[in-house]
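Below, chain A is the first sequence line, B the second, and so on; all start at residue 1. What you see is a predicted model, and the numbers here were worked out from it, not measured in a lab.
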There are 2 protein chains.
Amino acid sequence: MIRRLSQARERGIPEATVARLPLYLRALNGMAERGLATVSSEDLAVAAGVNSAKLRKDLSHLGSYGTRGVGYDVEYLIYQISRELGLTQDWAVAIVGVGNLGRALANYGGFVSRGFRVAALLDADPEVVGDRIAGLNVEHIDELEAVIRRRGVSIVVLATPAAAAQQVADRVVAAGITSILNFAPVVLSVPEGVDIRKVDLSIELQILAFHEQRKTDRMTGGPAMAEEWPEAVDL
Amino acid sequence: MIRRLSQARERGIPEATVARLPLYLRALNGMAERGLATVSSEDLAVAAGVNSAKLRKDLSHLGSYGTRGVGYDVEYLIYQISRELGLTQDWAVAIVGVGNLGRALANYGGFVSRGFRVAALLDADPEVVGDRIAGLNVEHIDELEAVIRRRGVSIVVLATPAAAAQQVADRVVAAGITSILNFAPVVLSVPEGVDIRKVDLSIELQILAFHEQRKTDRMTGGPAMAEEWPEAVDL
DNA sequence: CTCACTTTGTGCATCGGTTCACAAAGGGAC
DNA sequence: GTCCCTTTGTGAACCGATGCACAAAGTGAG
Ligand SMILES: NC(=O)c1ccc[n+]([C@@H]2O[C@H](COP(=O)([O-])OP(=O)(O)OC[C@H]3O[C@@H](n4cnc5c(N)ncnc54)[C@H](O)[C@@H]3O)[C@@H](O)[C@H]2O)c1
Ligand SMILES: NC(=O)c1ccc[n+]([C@@H]2O[C@H](COP(=O)([O-])OP(=O)(O)OC[C@H]3O[C@@H](n4cnc5c(N)ncnc54)[C@H](O)[C@@H]3O)[C@@H](O)[C@H]2O)c1
């Protein structure tokens, strides 16, 4: 009996691979909607915007789910990737900080689509607490621990001002949360074992500006030769 | 005469370094506000949440701006990093798609702080066009090319629905833009020489879910042994 | 069954990035 | 000036990720 279960996946999928799986999943969902039954690594790679060898290596970390000469079964692969990412279960998400950004996130539909459900909104401002947004009542931050417990929240999205973020993160972690998505422009310090991912608009723009400057420099012939400190700032 | 100008920086700063420079800049600004005149690589590294050797190597790509035995002059380093990133000039940004997210971005203050200025808002919905948001008139997408030219826009933020993103990107690129920040969950295809950065909430959540699942699996003792395809989907 | 064709899965070379660890450089005390 | 202390800048080992290129595996025609 040849059981080739978890052949090449005793444990440990490379981080770079994990970051691409959602991309493959999105491309596969589009294909499933268009009625495709199977797809080759080449086609899927193009749809996901990656190299096909990389795609095959990524998928090989989950197991041997393709058929040589044919490709991958679309539905089956969707299931396997979803399972690997933990999307076959339902994740309750709390958004802390219901300002400009928090509201946009709360109203965002594409959120729910795949396993994630906004289960709570929390804010410190009494003006905001009690508002009804996207079918949810905004609750007071004092209720944080109780809300997390009661709603089974396991992922927290931080959308407070930068100054409040660390303090809120500390409470959230103390309440047992180990996965945080941070929108505030600060480096959060958390204990080992807590995963933080950050989304930082300002950093993205600065990276774009860097490359944009290089491009226009190249046009106008080299950097503007102003390598000197322009004003005599006390040094 | 020993001119050690652009000693170790003939051209080409590693991409990983570029992505961290904004982080250092942010930490340095905080220090400048608190009145610190100099900082060691160790202290700055802690503030930015990186290893100090990495920080020193990163900075060494810009030039030799530290003083052995002392550290780095805070103001001077702020200036050098800002210049390298292109933040000593002013960047005009256009936001295309003024829905939930576009509005939040337009109202976001931290945007302007460092060299970036929201110079135009564009939308296709006649209901939205003409609205006044954050002191700007929302203009019709038909005016895209004219607005980009007139306002000197060089970076475009895409906040349209996924279905419209590629089409808008094509027009934006045709209008001469080479830097795009994309919030729509699609893989955009653009000509070589155009830089795209994407911010994808859904991917971030999925990555968190993956790790969260691993953590709880470990608690409850290995994966739930459900390695089989649960329902007989036609394969 | 055999043969031609397609496509996967992976060994291997390569590359970019990280980290260690230390020589070289500078500051300040005396 | 000399000596000691601090901290930078970087060579070199290491590590993970990428991409080529191909053998192995499967399909389908005849
Ligand atoms: N708006 C954007 O487009 C945008 C973009 C990038 C980053 N950000 C960052 O996201 C965060 C939120 O931005 P915003 O524009 O929504 O700001 P905002 O001021 O509109 O909203 C912040 C909300 O957090 C609440 N808050 C403050 N302290 C709190 C606490 N201790 N506990 C709970 N809630 C608290 C406030 O009452 C407010 O409702 C900021 O850190 C900002 O830098 C925003
Ligand atoms: N809202 C969020 O928190 C959030 C989070 C992550 C990603 N996103 C993504 O950001 C994008 C915008 O999200 P949203 O919630 O603001 O959506 P939305 O529907 O509220 O806003 C989209 C806006 O784009 C405009 N638009 C449509 N087609 C256009 C075109 N061809 N040219 C110009 N404008 C056009 C619409 O009129 C609308 O005003 C979506 O792709 C969404 O998936 C949103």
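The phosphate of D/dG9 (OP1 or OP2) has a side-chain N or O of B/Y72 nearer than 4.0 angstrom. Listed pair B/N51 / C/dG17 fails the phosphate criterion, with no side-chain N or O lying under 4.0 Å from OP1 or OP2.
Between the C1' atom of C/dG16 and the NZ atom of A/K54 lies a distance of 13 Å, rounded to the nearest Å. Here the C1' atom of nucleotide C/dG17 and the CG atom of B/D58 are 10 Å apart, to the nearest Å. Rounded to a whole Å, the CG atom of B/L62 is 13 Å from the C1' atom of D/dG9. Computed from coordinates, the A/E15 CD to C/dT18 P distance equals 14 Å when rounded to whole Å. As a whole-Å value, the separation of B/L55 CG from D/dG9 P is 10 Å. In this structure, B/L59 places its CG atom 14 Å from P of C/dT18, rounding to the nearest Å. Computed from coordinates, the B/I13 CD1 to C/dG17 P distance equals 12 Å when rounded to whole Å.
Under the salt bridge (Lys or Arg N to Asp or Glu O under 4.0 Å) test applied with A/D200, the options B/R197, B/R26, B/R20 reduce to a single match, B/R26.
Remark: the backbone N or O of A/I78 is paired with a side-chain donor or acceptor of A/S82 at under 3.5 angstrom. For the pair A/S40 (side chain) and A/D43 (backbone), a donor-acceptor distance under 3.5 Å is present. Here the side chain of A/Q213 pairs no donor or acceptor atom with the backbone of B/Q89 at under 3.5 angstrom.
Within residues 27-34 of chain B, no residue has any heavy atom closer than 4.0 Å to DNA chain D. The stretch residues 39-47 of chain A touches DNA chain C through A/S40, A/S41, each having a heavy atom within less than 4.0 Å of the strand.
A donor atom on one side chain and an acceptor atom on the other are found under 3.5 Å apart for B/D170 and B/Q166. Residues B/S41 and B/R56 have side chains that bring a donor and an acceptor to within less than 3.5 angstrom of each other. With no hydrogens or angles considered, no side-chain donor-acceptor pair links B/Y108 and A/N100 at under 3.5 Å.
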Check nucleotides 11-15 of chain D against the protein and report each pair of N or O atoms closer than 3.5 Å, with its distance, or say if there are none.
residue : atom : partner : partner atom : Å
D/dG11  : O6   : B/K57   : NZ           : 3.2
D/dA12  : N6   : B/K57   : NZ           : 2.9

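Comparing C/dT18, D/dT18, D/dT10 by their closest approach to the side chain of B/R20 singles out C/dT18.
Nearest-nucleotide assignment on DNA chain D puts the 5′-proximal partner with B/G71, out of B/G71 and A/P14.
Nearest heavy atom pair, residue A/V74 against residue A/L28, reads CG1-O, 3.7 Å.
The CD1 atom of A/I196 sits 6.0 Å away from the CG atom of A/N182 when rounded to the nearest 0.5 Å. From A/Y65, atom OH reaches atom OH of A/Y76 across 5.5 Å, with rounding to the nearest 0.5 Å.
Within 6.0 Å of the NZ atom in A/K198, the count of heavy atoms belonging to other residues, nucleotides or ligands does not exceed 12.
Residues that satisfy the side chain to side chain donor-acceptor pair (under 3.5 Å) test with A/E212, not counting sequence neighbours, are B/T178, B/S179. Taking B/R68 as the reference, nothing meets the side chain to side chain donor-acceptor pair (under 3.5 Å) condition, with sequence neighbours excluded.
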| request: For each nucleotide in nucleotides 21-30 of chain D, reading 5' to 3', give B when a protein heavy atom comes within less than 4.0 Å of its base, S when such contact involves only the sugar-phosphate, and - otherwise. | output: B--BBSS---

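Ionic pairing of A/R214 and B/E84 is present here: one or more N-O contacts between side-chain nitrogen and carboxylate oxygen are shorter than 4.0 angstrom.
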